[in-house]
Amino acid sequence: MAEGARGWARRELLRRGVLIVGGVAIGTATSELWWGTHRRTPLAGGPAGATFGNGNQGVGGGALEVVWSVPTGQRLVALTFDDGPAPQWTPMVLEALAEHRVPATFFLVGTQVRRHADVIRGRLSGHEVGNHSWAHRDLAELDATEAYDDLRRSHDAIADVTGVPPRLLRPPYGHLGGAVLHAAARLDYRLVLWSLQMVEREFPGDPAGHARRIVANVRPGTIVLGHDVGARRRLVALRGLTDMISGLRSRGYTFVTVSALLAAGVAPVPNR
């Protein structure tokens, strides 16, 4: 009986040993599989990772600001326009802004800048330019090198055509992958999103109605997103720009560029 018990105990120890060794092997294989699958994503400079390799990160000032709106007690608002320039659209925006002496910030696409340089060359005095990528790809799907190369290419095109290197970035679709953040830091950008978007599809054929909607929803420090290229429905917003400007001025608002809005901001008071 004792002999049988000892035999059972030996078999149980062997079984447990096999399970432990097997578990270690499975765990190691799983770890290697995870690394092999994900090292291009959250780790070694992949789309989700905001670091690149093990060396010096080379991220300019070492910090990155992300802005949706600006805390301020002043009635200031910034109009922004994405995706341009485009010959059928951008001149319409520039003419309306010039007529009413309104500055704005244009987040430009590098390919559009190269293709339609004549549309904006010499016409952006008083306005501000920002980087909106080279070809409007989703930068959050690119790795760190690809995201940086894309933004650098667009940066150089914008600086060449406008004479002003952009200091602001708005990534396409507002997507903030880690590689985007890393590339933006390398370029010493401020990353600007928006707190109010023009909603043209809600007001088909009604520019005045759309303008009233935007005017009613602006608050001090609002950054408004519009587009100077795209589907024809967006013309509702552009055709209502005069009403939008007049309506906001009647509420006591002053139009500024994003950088001027940032300069006018005050530090938010922490909740107690």
Quick one: does Asp138's side chain get under 4.5 Å of Pro172's, heavy atoms only? no

Residues in salt bridge (Lys or Arg N to Asp or Glu O under 4.0 Å) with Arg219, at least two apart? none

Apply the test side chain to side chain contact (heavy atoms under 4.5 Å, CB included) to residues Glu202 and Arg213: give CA-CA distance (whole Å), side-chain angles for both, the deciding distance (0.1 Å), then the verdict. CA-CA 10 Å; Glu202 296 181 16; Arg213 197 270 200 187; 4.1 Å; yes

Does Tyr253 form a side chain to side chain contact (heavy atoms under 4.5 Å, CB included) with Leu76? I'd like the steps, not just the answer. CA-CA 5 Å; Tyr253 277 91; Leu76 302 176; 5.8 Å; no

From Arg75 CZ over to Phe255 CZ, what is the distance, rounded to the nearest 0.5 angstrom? 12.5 Å

Following the transitive rule for hydrophobic clusters with a side-chain heavy-atom cut-off under 4.5 Å over Ile, Leu, Val, Met, Phe, Trp and Tyr, establish whether Leu97 and Val77 coincide in one cluster. yes

Could I get the full list of side-chain hydrogen bond (donor to acceptor under 3.5 Å, both in side chains) partners for Ser259, not counting sequence neighbours? Glu128

Under the rule for ring pair (Phe, Tyr, Trp, His ring centres under 6.0 Å), what residues qualify as partners of Phe81, not counting sequence neighbours? Phe106

Check side chain to side chain contact (heavy atoms under 4.5 Å, CB included) between Asp83 and all other residues, then give those that pass, not counting sequence neighbours. His132, His136, His227, Val229, Arg234

Can you tell me how far apart CG (Leu108) and CG (Asp82) are? Round to the nearest 0.5 Å. 9.0 Å

Reported OG1-to-CG distance for the pair Thr257 and Leu79, which is rounded to 0.5 angstrom: 11.0 Å

Search all heavy atoms of Val129 against all heavy atoms of Val164 and return the closest pair with its distance. CG2-O, 3.8 Å

Identify the two heavy atoms, one from Leu261 and one from Gly221, that lie closest to each other, and give their separation to 0.1 Å. CD2-O, 3.6 Å

According to the side-chain hydrogen bond (donor to acceptor under 3.5 Å, both in side chains) rule, which pairs have a member within residues 241-250, sequence neighbours left out? His100-Thr242

Shared ILVMFWY cluster between Val224 and Val258, side chains joined below 4.5 angstrom? no

Determine whether Val67 and Val256 fall in the same hydrophobic cluster, where Ile, Leu, Val, Met, Phe, Trp and Tyr are linked whenever their side-chain heavy atoms lie under 4.5 Å apart. yes

Pairs of donor and acceptor atoms involving the side chains of residues 186-198, under 3.5 Å and at least two apart or interchain, shall be tabulated with distances.
{"unit_1": "Asp188", "atom_1": "OD1", "unit_2": "Gly61", "atom_2": "N", "d": "3.0"}
{"unit_1": "Tyr189", "atom_1": "OH", "unit_2": "Asn131", "atom_2": "ND2", "d": "3.0"}
{"unit_1": "Tyr189", "atom_1": "OH", "unit_2": "His155", "atom_2": "ND1", "d": "2.6"}
{"unit_1": "Arg190", "atom_1": "NE", "unit_2": "Glu65", "atom_2": "OE1", "d": "2.6"}
{"unit_1": "Arg190", "atom_1": "NH2", "unit_2": "Glu65", "atom_2": "OE1", "d": "3.1"}
{"unit_1": "Ser195", "atom_1": "OG", "unit_2": "Ile223", "atom_2": "N", "d": "3.2"}

I'd like to know whether CZ of Arg251 has more than 12 heavy-atom contacts from other residues, nucleotides or ligands below 6.0 angstrom. yes

On a heavy-atom basis, which atom in Leu94 and which in Val119 lie closest, and how many Å separate them? CD1-O, 4.2 Å

For Arg232, what residues pass the side chain to side chain contact (heavy atoms under 4.5 Å, CB included) criterion, not counting sequence neighbours? Leu235, Arg239

For Val70 and Trp68, run side chain to side chain contact (heavy atoms under 4.5 Å, CB included): C-alpha distance rounded to whole Å, both residues' side-chain angles, the deciding distance at 0.1 Å, then the answer. CA-CA 7 Å; Val70 175; Trp68 286 264; over 6 Å; no

Rounded to the nearest 0.5 Å, what's the gap from CD1 on Ile245 to CD1 on Ile214? Could you check? 13.0 Å

Asp156 bridged to Arg152 by N-O distance under 4.0 Å: yes

If the condition is side chain to side chain contact (heavy atoms under 4.5 Å, CB included), which residues does Ala98 pass it with, not counting sequence neighbours? none

side-chain hydrogen bond (donor to acceptor under 3.5 Å, both in side chains) partners for Asp160, two or more places apart: Arg114

Mind listing the closest non-hydrogen atom pair of Ala140 and Pro47 along with its distance? O-CB, 3.2 Å

Scan for salt bridge (Lys or Arg N to Asp or Glu O under 4.0 Å) pairs involving residues 86-112, sequence neighbours excluded, and state none if there are none. none

Just by distance, do the side chain of Thr72 and the backbone of Gln74 share a donor-acceptor pair under 3.5 Å? yes

For Ala147 versus Leu142, what's the shortest heavy-atom pair and its separation? N-CB, 4.0 Å

Using every non-hydrogen atom in the two residues, find where Gly84 and Asp228 come nearest and quote the distance to one decimal. N-OD1, 3.3 Å

Apart from Val236 itself, what residues make up its hydrophobic cluster when side-chain heavy atoms of I, L, V, M, F, W and Y under 4.5 Å apart count as a link, directly or indirectly? Val199, Phe203

Does the side chain of His182 pick up a donor-acceptor pair with the side chain of Gln57 at under 3.5 Å? yes

With the 4.5 Å side-chain cut-off for hydrophobic clustering, are Val109 and Leu169 part of the same group? no

Say whether Leu181 and Val59 are linked into one hydrophobic cluster, either directly or through other cluster members, by side-chain heavy-atom distances under 4.5 angstrom. no

Verify whether one side chain among Arg170 and Thr80 offers a donor that lies under 3.5 Å from an acceptor in the other. yes

To the nearest 0.5 Å, tell me how far Phe107 CZ sits from Ile158 CD1. 10.0 Å

Does Glu146 reach the main-chain N or O of Asp143 with its side chain, forming a donor-acceptor pair under 3.5 Å? yes

Taking atom CD of Glu141 and atom OH of Tyr173, what is their separation to the nearest 0.5 Å? 9.0 Å

Who pairs with Ala96 by side chain to side chain contact (heavy atoms under 4.5 Å, CB included), at least two apart in sequence or on another chain? Leu241

Within the side chain of Thr90, is there an N or O that forms a donor-acceptor pair under 3.5 Å with the backbone of Pro85? no

